[in-house]
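If you're wondering where the values come from, they're calculated on a predicted model, not measured in any experiment. Throughout, residue positions are numbered sequentially from 1 according to the sequence presented. Remember, it's 1-based here, ligands and their atoms both numbered in the order they're listed.
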Amino acid sequence: MTHNKKQKTLIIGIIFIILIALIGTLYVIKSNETPKALLLISEKDDPFANNIQSVSKKNKKHIVINRPETDQSNINEMIDEIEQDAITSLEEYKKSLVLDWNASNLFDQYVNFEISISFDQEPAQTFHYILHFDSLETLEVTSLFNKKSIETFNIENNGSLIFKETEITMGDQTFPQDKIPDVIIKDYGNIKPTPPPVVNKPKPEDKPVPGDGKKYVAFTFDDGPSKDYTLQILDTAAQYNAKVTFFTLGSQVEKFPDVAKSIVERGHQLASHSYNHPDLTKISKEDQAYQINTTENILRNTTGYTKNIMVRPPYGASNEQLLSHLPKTYMNWSNDPRDWESRNAQTICNNIINDTKPGDVILLHDIYDSTAQGFACGIKALAEQGYEFVTVEQLFANYGKTTQNGNIYRRP
Ligand code: ZN
């Protein structure tokens, strides 16, 4: 009896210790997810005041989510998307996920908003947004700066922002390069001027007028084909009797061969954007050849396309070695409505309307719903202004220009 009692006491004691430890652990997790103090200073309602926190365990995986719920559905959807992607990755490869956020004032009218994701306590990956304080509308980072201060801004290349002046103007303030606000340097900045690897930069005064006096532009779509958006774009193009150009990835054509066939059957230009989107200036000659030649074969074998296959190098990045080693007709763009950045149909449409000049090669991506919609809106407005829409090949012909292999172009 006494022996049994001792055992019982021991077991109860152990259970008690385990319980204390468990509560302690939970408390630590709990205190870690305390919302960050908001730095937003405003008399107005704080748009990020409503914070959602959750700690859950699913299939032995830990998920800690700390995120705001704003009254703007576009922001919420953007966060939902990041959260959903993170949970999918967690299920596939990782054990734990912490999603957190932060927001701070940027001058009076803007908010620097970031969502960070960390798997298995590894360094966090951060998504940055600049939002209007009142509307929470997302803004292009570049729109905050005086345009002539910026040499390049490439979000695909880790968001590096390269300034070409010794002073930059942002909002209504001017800073010498070494006094640019920390948040900009930390989140977006790379103020070491490194020249972009694009050759044959066109002169800005290069504004051709075709012999017939009409206004032509070429819409181009990169990174597809995709399942739904490419077909939507084809239907929109048909409404305006437009012919457009698709710089497709070999890997995507393998996934959606029927969409690639529709592009050709409906009389559009089929072109290459490599097999799977590497920076061609950073891979070996052999890999370059694979990226270019394999894709060309896939495009021809899938669709029976027989015309010249132009190449748009991923990120627009090319160098002399690529052009001479693989002498194709390389085609960049002269007008970038930044659909990849805003993912907002109205912004894309406005950019198309505001920035298009006759003879432009316009860069879009047929992989976003917002692009399919922004294109429909933009082409309608340009059609009303008397523009006509042709393939890149036809655009050069209409302006009396020829293209040669081993060169890179941006517009006729
Ligand atoms: Zn691309």
Hey, is the Zn ion (ligand 1) within less than 2.8 Å of some N/O/S atom on H365? no

With Y275, the side chain to side chain donor-acceptor pair (under 3.5 Å) member among E254, E296, Q252, Q291: E254

Which value, rounded to 10°, describes the NE2(H277)-the Zn ion (ligand 1)-NE2(H273) angle? 90°

Contact list for residues 274-317, test disulfide (SG to SG under 2.5 Å), sequence neighbours left out: none

Could you pull out all donor-acceptor pairs under 3.5 Å where a side-chain atom in residues 367-379 meets a protein atom, sequence neighbours excluded?
{"from": "Y368", "atom 1": "OH", "to": "R343", "atom 2": "NH2", "distance (Å)": "3.4"}
{"from": "D369", "atom 1": "OD1", "to": "Q373", "atom 2": "NE2", "distance (Å)": "3.1"}
{"from": "D369", "atom 1": "OD2", "to": "Q373", "atom 2": "NE2", "distance (Å)": "3.0"}
{"from": "T371", "atom 1": "OG1", "to": "D339", "atom 2": "OD2", "distance (Å)": "2.8"}
{"from": "T371", "atom 1": "OG1", "to": "H365", "atom 2": "O", "distance (Å)": "3.4"}

Out of the N/O/S atoms in D223, what is the name of the one closest to the Zn ion (ligand 1)? OD1

Using distance alone, with no hydrogens and no angle criterion, decide if S334 and D360 have a side-chain donor and acceptor under 3.5 Å apart. yes

